[in-house]
Amino acid sequence: MSNPNPPPGWQRRDSGPPAGPLTHGPPPARRRRRIVLGVVLGLLGAVVLVVVAGALVTIVPDGGGGGTKDGESAPPATPSVRSSLPRAPASRASPAGDPGPVGDVRITSCGVDRVTQWPSAKLLITNRSGETSTYIVGVEFIGPSGVRLAEGAALSNDLAPGQRAEATAGALEQVRERVTCKVTKVTRFAS
């Protein structure tokens, strides 16, 4: 025998859809956490981009090199730390004794910034080829023990034949000791 009336405090379970329009309440706690996490990560990403952009402006304040007025260059700065420039091996030299693009690059100063502790090398690039060229220069920063502590690169676009440009190669690794700068690779191509 079944009783059509449920005991007090109990409600009859309806197996059909609810009556009236469907309404959604506030999002569940898990969804709300995901939204907050997405907003926080987005803001954090924006802050990181601003910091990286500021660091690049600090490393290369003149926009990455380029010639000075009338193709002249400022007199080379006195190096704060010893610098060295590798000479091209005889087997790579042209028959006329030209060292190639490595001979177009000279380190004018080498050091570590006292505030950021980032190493940098100021370079003087002279286009000794017969055509307008772009240069990509690799530099390594070597500690007193001979170990490479960091590496960086510099770029100079569209140098006319005979034109000189100053560029700065920097690294983002912090270095707490004196460094020697060494040009590791020079790529020159007609632009």
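Excluded from the calculations below are hydrogen atoms, water molecules and symmetry mates; all remaining heavy atoms, backbone and side chain alike, are included.
Here the closest heavy-atom approach between residue Thr132 and residue Ala160 is recorded as OG1-CA, 3.9 Å. Residues Cys181 and Ser120 approach most closely at SG-O, 4.0 Å, considering heavy atoms. In terms of heavy-atom proximity, Val102 sits nearest to Val186 at CA-CG2, 3.9 Å. Between Gln163 and Asp158, the shortest heavy-atom distance links the atoms OE1-O, 3.9 Å. The two residues Cys110 and Thr180 have their closest heavy-atom pair at SG-C, 3.9 Å.
Separation of atoms CG (Asp104) and CZ (Arg188) is listed at 5.0 Å; rounding is to 0.5 Å. Atoms CD and NZ, from Glu151 and Lys182 in turn, are 12.5 Å apart once rounded to the nearest 0.5 Å. The line from CZ of Arg106 to NZ of Lys122 is 14.0 Å long, rounded to the nearest 0.5 Å.
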request  = Would you sort out whether Glu173 and Leu149 count as a side chain to side chain contact (heavy atoms under 4.5 Å, CB included), showing the intermediate values?
outcome  = CA-CA 8 Å; Glu173 290 89 0; Leu149 302 174; over 6 Å; no
query = Do Leu123 and Ile107 pass the side chain to side chain contact (heavy atoms under 4.5 Å, CB included) test, and can you show the C-alpha distance, the side-chain angles, and the key distance before you say yes or no?
reply = CA-CA 5 Å; Leu123 310 171; Ile107 297 174; 3.7 Å; yes
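Without hydrogens or angle criteria, Gln174 side chain to Thr116 main chain gives a donor-acceptor distance under 3.5 Å. In this structure a side-chain-to-backbone donor-acceptor pair under 3.5 Å is present from Thr184 to Gly138. Side-chain atoms of Trp118 never come within 3.5 Å of backbone atoms of Ala171 as a donor-acceptor pair (strictly under, hydrogens ignored). Without hydrogens or angle criteria, Ser133 side chain to Glu131 main chain gives a donor-acceptor distance under 3.5 Å.
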